[in-house]
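A short worksheet on the structure shown next.
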Amino acid sequence: MFPTVSATPEFPRLEEEVLRFWRERRIYDKSLRRREGAPRFVFYEGPPTANGMPHPGHCLTRAVKDLFPRYRTMRGYYCERKAGWDTHGLPVEVEVCKELGIHSKEEIEAYGVERFIHKCQQSVWRYMKEWERLTERIGFWIRLDEAYVTYHKSYVDSVWWSLKNLFDRGLLYQGYKIVWWWAQGGTALSSGEVGQGYRQVADPSVYVRFPLVDRPNTSLLVWTTTPWTLPSNQFAAVHPELEYVTVEDEETGERLILAGALKETVEQKAKRSWRVVGRCRGTELVGLRYRPPFDDFYSRQGQQQGTLVDGSRQYTAWRIVAADFVTTDSGTGVVHQAPAFGEVDYELLLAEQARFASGAPQLICPVAPDGKFTSEVPAYQGLWVKDADGRIVRDLRERGLLVHYEQYVHEYPFCWRAEEDPLIQYPRRSWFIRTTAFRDLMLENNRLIGWLPEHIRDGRFGNFLETNVDWALSRERFWGTPLPIWVCQSTGKMEAVGSYAELLAKPDVQGTEVWQEARRQYPDLPEDLCVHKPYIDAVTYRSPFDPSARMVRVPDVIDCWYDSGAMPFAQWGYPYQNRQRFEEQFPADFISEAIDQTRGWFYSLLAISTLLFGDRHGAPELYRPFPHPYRNCVVLGLMLGEDGNKMSKSRRNYREPEEIFDRYGADALRWYFFANQAPWTSIRYKEQAIRDSLPEFQLRLWNVFSFFLIYANLDGFDPASRLAGPAGELSGEVLAAAAGYRPVQDRGELDRWILSELHRTTERVIQEMDAYDSFTACRYLLEFVDALSNWYVRRSRPRFWSDDKQSVEKIDAYWTLYECLLTVSKLIAPFTPFLAETMWRTLTSVFGDRVVESVHLCDYPQPRNDAIDQLLSERMRLLRTLASLGRNARMEAKLKVRQPLSRVEVVLADSSHQEWLEAHDDLLKDELNVKQIRYLEHSDSIEYRVQPNFKRLGPRLGPKMPAVKQWLTSADGAKLRSALAERGRIDVPVGDETISLGPEDVVVTVRARPGWAAADDPASGCVVILNTELTEELIREGYVRDLVRLINERRKELSCPYNAKIDLAIVGASPKLWQAIDEHRDYLQHETLCRMIHRAPLEKVEPATVEVADEKVELYVKQLTL
RNA sequence: GGGCGCAUAGCUCAGUUGGUUAGAGCGCGUCGCUGAUAACGACGAGGUCCGAAGUUCGAAUCUUCGUGCGCCCA
């Protein structure tokens, strides 16, 4: 006997059982062990940061990350899954600061870097338990106990190794980075923090003269909203392609140069009257020199020249340069450039510097980190830059340089922790990786990656790579991988250190006692912290550049994106450990994260990998062919809350994952993710939608499953007793050896059909899953479950109900359904692993330990081509269409299915399937409750429509198409059809010519004429027509069917077991009704398990009054003891 | 401001290389079944395919512009 299951399953409870089973029997381990030595499918886990609660978005990633490895494992691959945790970075520091109630770097230093670092290390694991629980609960199989951790010493060693490699190859350099700087707090803010702080403010907007050196009485007209940056001016930028005009002031006669498109706007603002005296393109202005409004630097450097790469001489600064970013949206089209205080400006400086062989322009920055002018600009020395604005404007006006002044309202960022402090852009010394030198290689690598969706490759990601800038690697923070560069205190020369061990092996190492002391003071301190601040900062050694000097580490840590991007090798501690494992697990076959990782992990992986392993010449010993480090990347959409907005805790617009698991189960969530939209479209996370996705797949499948168990038990169908020896995975070959398992080709059409559908589905699911298209795969699975439930089981019910327990047909039905359910449980195993396991365990329970214990230890089903019958599939679809049309027609004619009809007629546009259909009359007759089905060539109730075959005729006819279409639709369809049949062509007159159309050139559809009880399906070309004539005989039969329904309803009300017999009395029926009952007495008794039908009330039985045949009768139903 | 993406039924979403009656599920309505039974099923009504222009014999699909939304970056 099979275990019985509830018709209304509690999936969450069943899932808990499955989890326990997996845990106790170590199923995941076993699934790996049985694939040892098999080809690998390599998966990389993008490490989450566990210092926040996991939310629904993480569920999606974790579900997708589980799906494909599970699938590939079943398909025969060896797929290790090593977890990982991202542990460094600002988010962790911020979390700790919150806890300590502090903000700035000074406050952290005052608190103590050592204690702060300890806090960070502990904070990382704050939500570890939650993450692990979620991971397990959603069924994400991954080795958590072997997770890589980015702060571990072995990981840091690996990262250092890679950085040393880059440093030694000259790819790591120091430069300036323009950051958003909080001067009062002395710290840079991350882009996320800056984004939070934008506010509308009014700033001074000034139009300033920059007099040209070589054109008397002529000035550039320059606009800026940050007057305080004017003393730091180095260039003026114009767009090379824009038109510029020279205007003459009607009153003063002075000349100004500005963009032609902006002349009128500025003229009106300044309330001047200007006459255009010259026009030119931006390129023609390039190279002209001007006097900046402030002399502090110009007076000393104004005449300096350098040598360009081509050998010619060029003034270093204060000249016009070309730049594409100049627009005419605002300002004057001539843009003031202060490279120290604008990222774009700084890039321009870099580009200028690159043109010089010697004597290149240097960055001018007369502002100290506290935001106050230095002694380089004596006039404003000690003044906070924003406070200097007013005085600068006044000075400009007094010196006659100000053309116009106004207030300008715009969005400007403020510090999110000190709302009154505006941020400024400010240059900081920073370390860069020269990624730009690898742009082409990165693009080449990118081209070979399988992106899903594809547009990421050339779109978002490709564009990003095209406009690549060097990676600003260093961070002036505390909790991160320390930058492994030591500087000689006397010569300033530097070297990179490739591991902690390498550091300790340096000559005359000092400072390690700081760490030793910490270990004594805090015995619980993890060994890994020895490579972190502040301990690592204390370690110095004798300089190889100057024996009297010490080597001291630079204070920075690195961008934590570098950590995660280094995981392909760092997760193994490569190259100091596990060299073999790295080789086996590089590159990844599959990774998946949400789209916000494009510039995050997707980039850091690709960049690091390309720089280290993609440089055939620079690092030949590490070279590996592209693509790497990942071959396929499924880019997931963003997850939105119930209201379609971004999910946010404060808005409470989403349910906690735990709640979903407890109510509907992990499978419900997984299936919702996989089956409802392509994974890269953004997903609305709605509880309602998750609940609704249950019945259409899982519940429907469950019903079939439960149906099978009920009847198999009832009929004593026991596959285990019919099969000797080990049953393994109960594959088709194993089942074929069972007693009573007839070869499929010997079975009935319905059985052959559903098995054909099963193999077709298997074939398609494999095809889609190999292409990482889980969404389409799910659609095929849905389609199959629908076919199984709504046609196979529905049409097979009489076989399951038949009294002859051992009839061949019945046994066939059991084997067929059993095989379908077993196979489906394997097919859905990667998608809904819990339901699959429950089904498998239940269906195979009768075999005891002769069968594989878990569905996840099975091979994925293999489709058999010889089991797929395309023609049968097509025909069955047609038959289903006919049934649907028949019901449709009954509906139209208001003739309920319980009322038998004498006949339906079917007209097929294409008669090639007619013979087959005729052989299945019984099925259709039963489905439609009619006595006879006739196939006709023609009927008065139908009409034909002949349309051009557009696809075929389009290229041939072109513009004549509408005329042909018009002629065909207005002609008599039936005549055209017969003409086509007799002569093989139709001649269509178009203008002066005649166009001859063959059978291939037109599409003939048949349709029901309006007003008939008929329904058509033009797509398949069939019409079903009802004979609505009712004879007395038919009506009487309808009465009995009604009666049967009422009696069975009564049985149910009385809670009769469905195999219990009854005695029945019908009181008050008319002779007409009795005639009907007598005529169909056997049918009635059989359908209601009725022994006797009485005409007098039964004693001790409560009657029920029912209405049948327009009369009221009393029913007495008495259950007989079993 | 730039890049990328999205916009189709009341809701959530499909829609293959352009082919002439635009699909599914849910919801809604009508009904059926009553031996899967607190299940199951059928049928139906719902659409200016965001707007405009263009290419084409033919556009939800291709092009351009615009509108709205999202993401990433300024």
Side-chain angles (χ1 to χ4, degrees), chain A residues 7-8 191 194-195 325 327 329-330 343-344 453 455-456 458-464 466-467 594-600 637-638 640 644-646 672 675-678 680-684 686 688-689 691-693 695-697 699-700 702-711 714 775-776 779 782-783 789-790 793-794 797-798 800-801 883-892 894 896-898 927 929 945 947-965 969 1003 1005 1007 1015 1018-1019 1041 1044-1049 1051-1052 1056-1059 1087-1089:
Chain A
T8 52
S191 60
V194 176
F325 57 76
T327 66
D329 295 341
S330 56
E343 201 175 345
V344 178
H455 61 73
I456 300 284
D458 297 322
R460 189 178 280 239
F461 198 66
N463 284 338
F464 175 58
E466 293 276 0
T467 58
I595 192 161
D596 57 359
Q597 294 296 325
T598 314
R599 293 172 182 222
L638 216 84
L640 306 171
N645 291 310
K646 205 171 180 159
Y672 171 69
N676 280 278
Q677 59 277 305
W680 41 84
T681 55
S682 57
I683 295 178
R684 277 277 268 283
K686 292 178 82 166
Q688 179 75 38
R691 180 170 49 225
D692 289 347
S693 79
E696 86 186 60
F697 183 69
L699 275 179
R700 193 174 289 167
W702 186 269
N703 274 310
V704 177
F705 168 64
S706 135
F707 175 91
F708 170 83
L709 296 175
I710 290 172
Y711 284 94
L714 217 55
F775 175 63
T776 309
R779 290 166 72 106
L782 269 166
E783 216 172 90
S789 166
N790 292 333
V793 170
R794 181 179 161 85
R797 270 191 289 201
F800 290 106
W801 299 339
S884 167
L885 289 176
R887 282 189 294 260
N888 185 342
R890 291 194 77 117
M891 190 80 179
E892 294 277 310
K894 300 207 186 307
K896 56 188 176 185
V897 179
R898 228 178 292 126
E927 188 69 24
N929 193 17
R945 193 170 119 179
Q947 278 204 307
N949 180 343
F950 289 101
K951 197 155 195 170
R952 196 180 151 89
L953 288 178
R956 184 179 137 196
L957 298 184
K960 290 174 214 142
M961 188 72 96
V964 173
K965 178 188 176 187
T969 44
V1003 178
T1005 51
R1007 27 184 19 188
R1041 288 187 65 132
V1044 166
R1045 178 177 70 88
L1046 293 165
I1047 295 165
N1048 278 330
E1049 203 163 74
R1051 282 181 62 119
K1052 201 173 120 195
C1056 283
Y1058 52 76
N1059 52 352
E1087 291 298 308
T1088 58
L1089 295 183

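All chains are named by letter (A, B, ...) in the order of the sequence lines, taking the proteins before the strands, and each is independently numbered beginning at 1.
Atom CG of A/N703 and atom P of B/A36 are 10 Å apart (whole Å). Protein atom CG of A/L782 is 15 Å distant from nucleotide atom C1' of B/G23, rounded to whole Å. For the pair A/K965 NZ and B/U56 C1', the computed distance is 15 Å after rounding to whole Å. We find that CZ of A/R797 is positioned 16 Å from P of B/A39, with the value rounded to whole Å. Going from atom CD1 of A/I1047 over to atom P of B/U37 covers 21 Å, rounded to whole Å. Separating the CZ atom of A/F708 from the P atom of B/A39 is a distance of 24 Å, rounded to the nearest angstrom. Following rounding to the nearest Å, A/N790 (CG) and B/A39 (C1') show an atom-to-atom distance of 12 Å. Separating the CG atom of A/L714 from the C1' atom of B/A36 is a distance of 12 Å, rounded to the nearest angstrom.
Look at the P atom in both B/C50 and B/C11: the space between them is 13 Å, to the nearest Å. Nucleotides B/A9 and B/G23 have their P atoms positioned 14 Å apart, rounded to a whole Å. Comparing the same atom, C1', in B/A22 and in B/A60 gives a spacing of 8 Å after rounding to whole Å. Taking atom C1' on both B/U20 and B/A36, the two are 44 Å apart, rounded to the nearest angstrom. On the P atoms, B/C71 is 15 Å away from B/C13, given to the nearest whole Å. One P atom belongs to B/C4, the other to B/C62, and the distance between them is 15 Å to the nearest Å. If you take atom P in B/G27 and the same atom in B/A42, they sit 14 Å apart, rounded to whole Å. Taking the P atoms as reference points, B/G19 lies 27 Å from B/U12, given to the whole Å.
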Below 3.5 Å between N/O atoms, which protein atoms pair up with nucleotides 26-28 of chain B? Just atom names and distances, please.
from: B/C26; atom 1: O2'; to: A/D692; atom 2: OD2; distance (Å): 2.8

Dump every N/O contact between nucleotides 60-63 of chain B and the protein below 3.5 Å, one line per pair.
none

Pairs: protein N or O with nucleotides 57-59 of chain B N or O, under 3.5 Å:
from: B/C57; atom 1: O4'; to: A/G958; atom 2: O; distance (Å): 3.0
from: B/C57; atom 1: O4'; to: A/P959; atom 2: N; distance (Å): 3.2
from: B/C57; atom 1: N1; to: A/G958; atom 2: O; distance (Å): 3.3

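Partners of A/E466 by side chain to side chain donor-acceptor pair (under 3.5 Å), not counting sequence neighbours: none found. Listed by chain and residue number, A/Y711, A/F800 satisfy the ring-ring contact (aromatic ring centres under 6.0 Å, His included) test with A/F707 (two or more places apart in sequence, or in another chain). Every ring-ring contact (aromatic ring centres under 6.0 Å, His included) that A/F708 has, sequence neighbours left out, goes to A/F2, A/Y818. Remark: A/R1041 pairs with no residue by the salt bridge (Lys or Arg N to Asp or Glu O under 4.0 Å) rule, at least two apart or across chains. With sequence neighbours left out, the side chain to side chain donor-acceptor pair (under 3.5 Å) criterion links A/T776 to A/D773. With sequence neighbours left out, A/R797 forms a salt bridge (Lys or Arg N to Asp or Glu O under 4.0 Å) with no residue at all. For A/E927, the salt bridge (Lys or Arg N to Asp or Glu O under 4.0 Å) criterion is met by A/R794, A/R795, A/R887, not counting sequence neighbours.
In terms of heavy-atom proximity, A/R1051 sits nearest to A/L1089 at NH1-CB, 3.4 Å. Looking at every heavy atom in both residues, A/P453 comes nearest to A/W680 through CD-CB, 3.3 Å. The nearest pair of heavy atoms linking A/G637 to A/A594 is O-CB, 4.3 Å. In plain terms, the two heavy atoms of A/E1087 and A/N1048 that are nearest each other are O-ND2, 3.5 Å. Nearest approach of A/P959 to A/P962, heavy atoms of both residues: O-CD, 3.1 Å.
Once rounded to the nearest 0.5 Å, the distance linking CZ of A/R691 with OH of A/Y672 reads 12.5 Å. Here CD1 of A/I710 is found 9.0 Å from CG of A/N703. Values are rounded to the nearest 0.5 Å. Residue A/L953 holds its CG atom at 13.0 Å from NZ of A/K965, rounded to the nearest 0.5 Å. Of the inter-residue distances, the one linking A/N463 atom CG with A/I456 atom CD1 reads 10.5 Å to the nearest 0.5 angstrom.
Note on A/V704: a base of the nucleic acid sits closer than 4.0 angstrom, heavy atoms only. Base contact: A/R945 has a heavy atom under 4.0 Å from a base atom. Contacts of A/R887 with the nucleic acid, taken as non-hydrogen atoms under 4.0 Å apart, involve only primed sugar atoms and P, OP1 or OP2.
Considering only side-chain N and O atoms, A/N949 lies nowhere under 4.0 angstrom from the phosphate OP1 or OP2 of B/G19. OP1 or OP2 of B/C43 sits under 4.0 Å from a side-chain N or O of A/S884. Residue A/Y711 places none of its side-chain N or O atoms closer than 4.0 Å to OP1 or OP2 of B/G35.
Because its glycosidic torsion is within 90° of 0, B/G46 is reported here as syn.
A/N888 places no side-chain N or O within donor-acceptor distance of the main-chain N or O of A/S884, the cut-off being under 3.5 Å.
When base pairs are accepted only as Watson-Crick or G-U wobble with both N-N or N-O distances under 3.5 Å, RNA chain B takes part in stems of 3 or more pairs at B:1-7 with B:67-73, B:10-13 with B:23-26, B:28-32 with B:40-44, B:50-54 with B:62-66.
Both A/L885 and A/V793 sit near RNA chain B, but only A/V793 has its closest nucleotide nearer the 5' end. Residues A/S706 and A/Q947 each lie close to RNA chain B; by heavy-atom proximity, the contact nearer the 5' end of the strand is made by A/Q947.
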Q. Is there a side-chain contact (heavy atoms from CB on, under 4.5 Å) between A/L782 and A/R700 once you walk through the steps?
A. CA-CA 10 Å; A/L782 269 166; A/R700 193 174 289 167; 5.6 Å; no
Q.
Within the 4.0 Å limit for protein heavy atoms, which parts of nucleotides 3-17 of chain B are touched? Write it as a string from 5' to 3', B for base, S for sugar-phosphate only, - for none.
A. BBS-----SSSS--B
